[in-house]
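Take a look at the structure below.
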There are 2 protein chains.
Amino acid sequence: MLKHLTQLADDHTAVLADMFKLLGDPSRLKIVIALLDGPLSVGSIAERLSLSPSLVSHHLRLLRAARIASHERRGRQMLYSVHDHHIRCVIEDMVEHVTEGAD
Amino acid sequence: MLKHLTQLADDHTAVLADMFKLLGDPSRLKIVIALLDGPLSVGSIAERLSLSPSLVSHHLRLLRAARIASHERRGRQMLYSVHDHHIRCVIEDMVEHVTEGAD
DNA sequence: CCAACATATAAACACCTATTCATATATCGA
DNA sequence: TCGATATATGAATAGGTGTTTATATGTTGG
């Protein structure tokens, strides 16, 4: 178990940073937040967020590679979901940080 | 109060994304993690992480602007600290996501 | 005031990445 | 199988960004 964050090895922090970087793009963050509400197809995400299906697909591939999103085929479409609940915690904590910061 | 993350306006998610983007750089993330252990001067951060003081100063300016870090003068050096506790939560949650993902 | 130290700032560069456009793959209905 | 739909992939590009180098600002002690 990890007691102090300072014990993190360099390559671990690199992986961590990669995760944060993925959430650091507005389009991708919106996609993740949309997925938190429940599984969605590529097309419905694109429509909701006014993004091209191609762009959404690109982003989803990265999110999948980082285990942030998972996918499952449903007919001719792909249903994407958020892989685990920690992502929701991460985002909610950051929302609190931002809203508290607003004086 | 915010019930669902999907209620976030576009400009709010943009601010959120900016926060994540800041943690998305390895050097900056290491700086933040180092600061979680307690206040540090620019020079000591640079020494600890083997980064140039100039680079550390650059990053700290961005972290300050995002209210992730705060600073206070102590003699001729500046003591930097993490602004609030949510940042620690965010990072710890992400650590859990990453370590769980490793099968 | 002056030298030494600590931090900040500015410009420049190399690298990365988000987006678009075009094309490919895959699934279903007829 | 064929056309239509849904998603994925590849190349190309424009804009952004981390890092370095050089210089400036500010603080302490003499």
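Chain letters run A, B, ... following the sequence lines, proteins first, then strands; residues in each count from 1.
Listed in residue order, the members of residues 34-54 of chain A having a heavy atom less than 4.0 Å from DNA chain C are Ser54(A).
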message: What verdict does the side-chain contact (heavy atoms from CB on, under 4.5 Å) test give for Ile45(A) and Leu49(A), after you've listed the backbone C-alpha separation in whole Å, the side-chain angles of each residue and the deciding distance to 0.1 Å?
response: CA-CA 6 Å; Ile45(A) 297 173; Leu49(A) 307 179; 3.8 Å; yes
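Here dT27(C) is the nucleotide among dT9(C), dT27(C), dC21(C) with the atom lying nearest to any side-chain atom of Arg73(A).
Here chain B contacts DNA chain D (any atom closer than 4.0 Å to a heavy atom, that is under 4.0 Å), and the contacts span dT17(D) to dT28(D) from 5' to 3'.
Between Asp25(B) atom CG and dT17(C) atom P there is a gap of 11 Å when expressed in whole angstrom units.
The residue His59(B) sits close only to the backbone: its heavy atoms come under 4.0 Å of sugar-phosphate atoms, none of a base.
For the pair Arg88(A) (side chain) and Leu36(A) (backbone), a donor-acceptor distance under 3.5 Å is present. Side-chain atoms of Thr99(B) come within 3.5 Å of backbone N or O of Val95(B) as a donor-acceptor pair.
Defining each end axis of the helix from dC1(C)-dG30(D) to dA30(C)-dT1(D) as the rotation carrying four pairs' C1' atoms onto the next four, with five pairs an end, the two axes are found to diverge by 30° to 10 degrees.
Both Arg76(A) and Lys21(A) lie near DNA chain C, and the one whose nearest nucleotide falls closer to the 5' end is Lys21(A).
In this model, the phosphate group of dA8(C) is not approached by any side-chain N or O of His71(B) to a distance below 4.0 Å at OP1 or OP2. A close approach under 4.0 Å does not occur between any side-chain nitrogen or oxygen of Arg61(B) and OP1 or OP2 of dA8(C).
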